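For reference, the structure discussed in these notes is given below.
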Amino acid sequence: DTDSPRSIGAAGFYTASDNQPYKVEIYRKLTGSTPDSGTRIDKCTTYGTVEHSGYHTITLSDSIAVAAGETFSVVVTFYAEDGNTVYVPIEGASDPFGSRYSSKSGQSYVYSEGKWMDNTSSKLGNNRRNMNNVCLKALASTITDAEYEEQEESLSSASATPIPESPTATPAASDSSETTSPASTPAASDSSGATCPSPVSTSTPRISAVPAPSGTPTSRVTVSPSST
């Protein structure tokens with residue numbers, strides 16, 4: 001039902017490595033062709049480390065409501081412990097006798113080599129690929145119009161009140177909200193029971209002003225649905 005506003009409270013994604021640090025961000029009301037072209041909702045930014053590879057449901061540090069039909073994005077940043085490589089799970093080719101995968105321009109992106117690349121025309125290293133969607137999903141619940149309006153009023157009041165910056169504050173990481181399951185769990189962006197195949201690796205881009213919990217940021221992946 002896309003006729004009602006939704007409250008985004010969690011993100012679901014795969015990791016291909018154990019002890020993988022991550023950051024989850026939510027952007028609302030996108031205005032351009034990249035997933036970070038909207039307004040970042042700082043209260044939703046969530047840090048942590050998943051102990052084992054597989055599928056994870058990460059509860060956000062705070063939920064955020066989006067309007068019916070609003071364009072938003074979920075951005076996950078993976079950090080490489082060795083400073084070189086992380087692995088981004090992406091849906092594979094369709095199986096004529098089983099699962100079907102599909103993707104369209106503007107649905108999934110990978111941030112590599114200093115820029116965003118649409119998954120339908122991504123270039124990783126020397127290879128250009130027409131890949132399917134990243135295994136990443138926003139998890140939300142339906143709310144009433146009154147609840148949505150109440151949140152919007154609260155956000156407007158908060159933005160009008162100056163908040164002093166903390167020069168050394170680092171967002172707290174919490175793993176108590178995550179759940180893991182074996183790597184054969186169905187892909188986050190596919191409801192047909194398909195499994196997510198082998199991931200692709202990306203080299204290290206330089207990203208400025210990212211408060212990394214550890215290591216060097218090496219890849220950002222996102223899904224930006226056109227409506228809720």
Side-chain angles (χ1 to χ4, degrees), residues 1-13 21-50 56-79 106-109 111 115-116 134 136-179 188-189 207-214 217 219-228:
D1 180 9
T2 59
D3 296 329
S4 301
R6 304 293 178 91
S7 177
I8 303 171
F13 56 85
Y22 65 84
K23 177 176 68 173
V24 181
E25 298 169 287
I26 304 294
Y27 289 83
R28 290 187 62 193
K29 301 177 180 179
L30 304 187
T31 59
S33 59
T34 61
D36 57 356
S37 63
T39 300
R40 187 178 68 179
I41 309 302
D42 290 338
K43 70 172 185 173
C44 296
T45 301
T46 305
Y47 293 83
T49 299
V50 288
H56 316 278
T57 299
I58 304 298
T59 300
L60 302 179
S61 56
D62 202 346
S63 61
I64 185 69
V66 294
E70 178 181 328
T71 301
F72 67 96
S73 68
V74 180
V75 177
V76 174
T77 302
F78 291 142
Y79 299 91
Q107 289 183 333
S108 281
Y109 300 80
Y111 188 95
K115 62 183 179 180
W116 287 106
V134 172
L136 171 61
K137 189 173 186 178
L139 304 175
S141 58
T142 302
I143 59 175
T144 64
D145 291 334
E147 289 173 319
Y148 173 77
E149 293 299 332
E150 181 180 355
Q151 175 204 254
E152 291 298 282
E153 292 177 4
S154 177
L155 288 175
S156 297
S157 299
S159 62
T161 304
I163 300 176
E165 295 185 0
S166 175
T168 59
T170 301
S174 174
D175 297 328
S176 60
S177 61
E178 67 190 41
T179 58
S189 56
I207 304 175
S208 60
V210 177
S214 62
S219 180
R220 302 175 75 183
V221 295
T222 182
V223 56
S224 50
S226 58
S227 66
T228 59

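All figures in this text were calculated on a predicted structure; none of them were measured in a lab.
Here the closest heavy-atom approach between residue Tyr109 and residue Ser33 is recorded as OH-O, 3.1 Å. Annotation for Thr59 and Ala10: closest pair CA-CB, 4.0 Å, computed over non-hydrogen atoms. Residues Ala138 and Val74 share a closest heavy-atom pair of CB-CG2, 3.6 Å.
Residues passing the side chain to side chain donor-acceptor pair (under 3.5 Å) test with Thr34, sequence neighbours excluded: Asp36. Residues meeting the salt bridge (charged side-chain N to carboxylate O under 4.0 Å, His left out) test with Asp145, sequence neighbours left out: none. Residues forming a side-chain contact (heavy atoms from CB on, under 4.5 Å) with Ser61 (at least two apart in sequence, or on another chain): Thr46. Applying the side-chain contact (heavy atoms from CB on, under 4.5 Å) criterion to Thr144, with sequence neighbours excluded, gives Ala146, Glu147. Scanning for side-chain contact (heavy atoms from CB on, under 4.5 Å) contacts around Glu152 gives Arg28, Lys29, Tyr148, Leu155, with sequence neighbours left out.
Taking the side chain as every heavy atom from C-beta outward, Val75 and Val24 never approach each other to under 4.5 Å. Side-chain contact between Ile64 and Gln151: present, with at least one pair of heavy atoms (C-beta onward) separated by less than 4.5 Å. The side-chain heavy atoms of Ile41 and Asp62, taken from C-beta on, include no pair separated by under 4.5 Å. Pro35 is listed as a side-chain neighbour of Trp116, based on a closest heavy-atom distance under 4.5 Å.
Not a single donor-acceptor pair under 3.5 Å links the side chain of Thr45 to the backbone N or O of Glu25. Counting only distance, with no hydrogens or angles, the side chain of Tyr111 and the backbone of Thr77 share no donor-acceptor pair below 3.5 Å. Using modelled atom types, no side-chain atom of Ser63 and backbone atom of Ser7 make a donor-acceptor pair closer than 3.5 Å.
Rounding to the nearest 0.5 angstrom, the gap separating the CD1 atom in Ile143 from the CD atom in Glu149 is 9.5 Å. Considering CZ of Phe13 and CG of Leu139, their distance stands at 10.5 Å, rounded to 0.5 Å.
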